[in-house]
Amino acid sequence: MFVQRGSSRSRVALAGALSVGLVFGLSACGDSDDTEATNGSSAAAIDCSPYTAFGDLKGKTVTIYTGIVTPEDTPHKESYKPFEQCTGVTVKYEGDKAFETQILVRAEAGSPPDIAYVPQPGLLQNLVKTGKAVEAPAETAANVDKFFGPDWKAYGTVDGKFYAAPLGANVKSLVWYSPKEFADKGYQIPTTLDELKALSDKIVADGGKPWCAGIASGEATGWPLTDWMEDFMLRLSGAEAYDKWVKHEIPFNGPEATQALDAVGAYLKNDKYVNGGLGDVKSIAGTTFQDAGLPILDGQCSLHRQASFYAANFPAGTKVAKDGDIYAFYLPGKDATSKPVLGGGEFVLAFADRPEVKAFQTYLSSDVWANTKAKLSSGWVSANKGLDPANLTNPIDQLSAGILQDPNAQFRFDGSDMMPGAVGANSFWKQTTAWITGQDTKTTLDNIENSWPK
Amino acid sequence: MFAAILLFTAVVGLVLFAASRVSGKRDRAVAALYLLPTVLMLGVGLLYPGVRTIYQSFFDASLSNFIGLDNYTKIFTDAEQLIVLRNTAFWVLVTPFAATGIGLLYAILVDKARMESFAKALIFLPMSISFVAASVIWKFMYEYRPDQRNVQQIGLINQVIVWLGGEPVQLLIESPLNTFLLIVVMIWIQAGFAMTVLSAAIKAIPDDIIEAARLDGVGPWGMFRFVTLPAIRPAVVVVLTTIAIGTLKVFDIVQTMTGGRFDTNVIANEFYSQSFRSNDKGLGSALAVVLFILVIPIVVYNIRQLRRSEA
């Protein structure tokens, strides 16, 4: 009915105008991408020479895609400025909360960024399997050999080839507490698991609920429980058994894992111990992990096991320090000599091998960058041995750096992040959530074992 | 992305240009020309991915080994997947009828009442809110805080329970109650849609029919049963089927409120989590195919009803 003869000429004009208008409108949108201003920061003393070897980089651009979003992204962007000034490269930063699912889609679809900050070694392996990732340049590998332990290098290595240098790190084996309360009531910081248990019982005897916990995190609900279990796996059965368990060389539902989950249950499924200020055992499932530690500030509970990045969740004005409102202690090992540390971190994976991308990778793996970043941020730490703890401003970051750099520390990466996605990002989360709402340990571990990809 | 839009614009421009050149009585050729981009786009954007999804559903997680119907066997035997199917059944059995029923009742009640448009606007408003925003609102309705000193309830429903002397309940954790609480959100959104369409249909009933029924001494219930309902039957069918299709595809509400935890998962959410979280592309595809197959009968019924009412 729209086909009318006689007015074709005017319609051609209209169609043409529409197309042209659309094209111009769209190109206007395309151009509006902001180009980060590269001046403003004081040009800190930085040795530009390592990057001149990559040739003339002026006017080149490196794109980064990451799950690190506001407000944590600001110190990241700031920390690139010395590099940008040195080399003339523009770094374009894109943070996305859905990074972990989107990066795979982008890599498979053939439109990956130049560089991705990958927070999970398991995901890193999947990304390498897409065939789009590029091995790290020799300069970066040399930096990693120099500044990081071999365990960290291994997490960035797939099939014997080194791909990704570590970026940031976090320490998960921490227990948050109130230094004031400990001083008032004469509680001592425990140095063994038995002392931790004795402390919990003492708090119960004083009429309190020692622990508060919460595992709700939207689609990822359950992950804090996997951290609990991994911490106890590491403590009760040792790092070797832990490695085998993560690689599925021993069954997920074996005696070691059963012992670990039952040990967690002795704390979290114990009505006397939980859930201070939050309800009964089941309330752990319904409380968001962000809210879970806050009752310590109101004196409703005394202990909360959560990673170093949890510092950001306390309201503004809370003093996070050894003599402040809140602080953390290292979740002790079985005995005072063993120092297993559970943690996480990100890795810098490149999908392009242009000189400017290589130069940027090398910069990020250097001690120069780690110290630049440390001065700019709070709630951030790196396993980079070149990092001077004095550059860290936040007491928790200093504590974490101290734990990471402790010569006795046995660092292990968060196991659920290294297991296949079907387990580490699915059944492990789901089943432990069911476990805290009443499912028994055996059914829980059997279900996870059955979900392991054959 | 930009290139694709540019290409689309160019193609459309070209087609419009070509169509304007074709003169004379070749209307069919012109029609075909206009259809061409649509057919092309359907092929590239719908048909090809559809066929490919069906093909992939016969493969394992990494799409490298052919495993026949194993993915489908898993969907219909695995305990966790059966809960997904059960919940999807709850959703699609309850939501369309409840939403349509509430919308219809409301449309009849406010019809020709004072402040009709204001009353309608009230129930229509939820339609304008995104599913995610609606879920966030309702999450606060159901929010739980423990019954302890110094702790204030912030969820409306639990506060009412506390006022009545009860203990707060963790509403979103108790299964299968939680699934029905999520369904309430969908009904809340869709009732406005049902009301709008049905109200328009009721207004379209010729006055003389209503007049005649009144003269025959038909009461309010009889008026509804023998006049209103038969007259708006096609509209009711469209509303029911539209909501049913929308409900089958529900994803946002489950994702936002529980993330599929505590036995609230549905097919669309499980499809997403298998494909992108677990990286099991085969099972994800199979779930998508099951969803597709479930929608077909509803669409077919919808089309047949539309044809019949037009005939």
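The sequence lines fix the lettering, A, B, ..., with proteins before strands; numbering per chain opens at 1.
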Region of [X] that comes under 4.5 Å of a non-hydrogen atom in chain A:
| X | result |
| --- | --- |
| B:Lys139 | neither |
| B:Ile173 | side chain |
| B:Glu167 | neither |

Subject >> Residues of residues 255-275 of chain B near chain A, each having a heavy atom less than 4.5 Å away >> reply: B:Gln255, B:Thr258, B:Gly259, B:Arg261, B:Phe262, B:Asn265, B:Glu270, B:Tyr272, B:Ser273, B:Gln274
Non-hydrogen atoms of chain B under 4.5 Å away: do they reach the side chain of [X], the backbone, both or neither?
| X | result |
| --- | --- |
| A:Lys282 | both |
| A:Asn450 | neither |
| A:Glu100 | side chain |
| A:Val423 | neither |
| A:Ala434 | neither |

Under 3.5 Å, side chain of [X] to main-chain N/O of [Y], donor-acceptor pair present?
| X | Y | result |
| --- | --- | --- |
| B:Asn71 | B:Phe59 | yes |
| B:Thr53 | B:Ser285 | no |
| B:Asp78 | B:Glu80 | yes |
| A:Asp417 | A:Gly122 | no |

Subject >> Check: A:Ser283/B:Tyr144 side-chain N/O donor and acceptor closer than 3.5 Å >> reply: no
With rounding to the nearest 0.5 angstrom, report the [atom1] to [atom2] distance, [X] to [Y].
| X | Y | atom1 | atom2 | result |
| --- | --- | --- | --- | --- |
| A:Cys301 | A:Ile203 | SG | CD1 | 9.0 Å |
| B:Phe180 | B:Ser175 | CZ | OG | 9.5 Å |
| A:Ile284 | A:Leu278 | CD1 | CG | 8.5 Å |

Subject >> Per-residue contacts, residues 437-449 of chain A versus chain B, heavy atoms under 4.5 Å >> reply: A:Thr437
Original post:
Going through the checks in order, is the ring-ring contact (aromatic ring centres under 6.0 Å, His included) test met by A:Trp228 and A:Trp435?
Top reply: CA-CA 13 Å; A:Trp228 264 91; A:Trp435 175 79; 9.5 Å; no
**OP:** Find the one option among A:Val105, A:Asn426, A:Asn126, A:Thr221 whose heavy-atom pairs under 4.5 Å with chain B are most numerous.
**Re:** A:Thr221
Can you find a pair of side-chain heavy atoms, one from [X] and one from [Y], that are under 4.5 Å apart?
| X | Y | result |
| --- | --- | --- |
| B:Gln153 | B:Pro168 | yes |
| B:Val254 | B:Trp91 | yes |
| B:Phe131 | B:Phe251 | no |

Original post:
Should the pair A:His248 and A:Trp452 be assigned to parallel (<30°), tilted (30 to 60°) or perpendicular (>60°) ring geometry?
Top reply: parallel
Original post:
Going by the angle between their ring planes, with limits at 30° and 60°, are A:Trp223 and A:Phe289 parallel, tilted or perpendicular?
Top reply: perpendicular
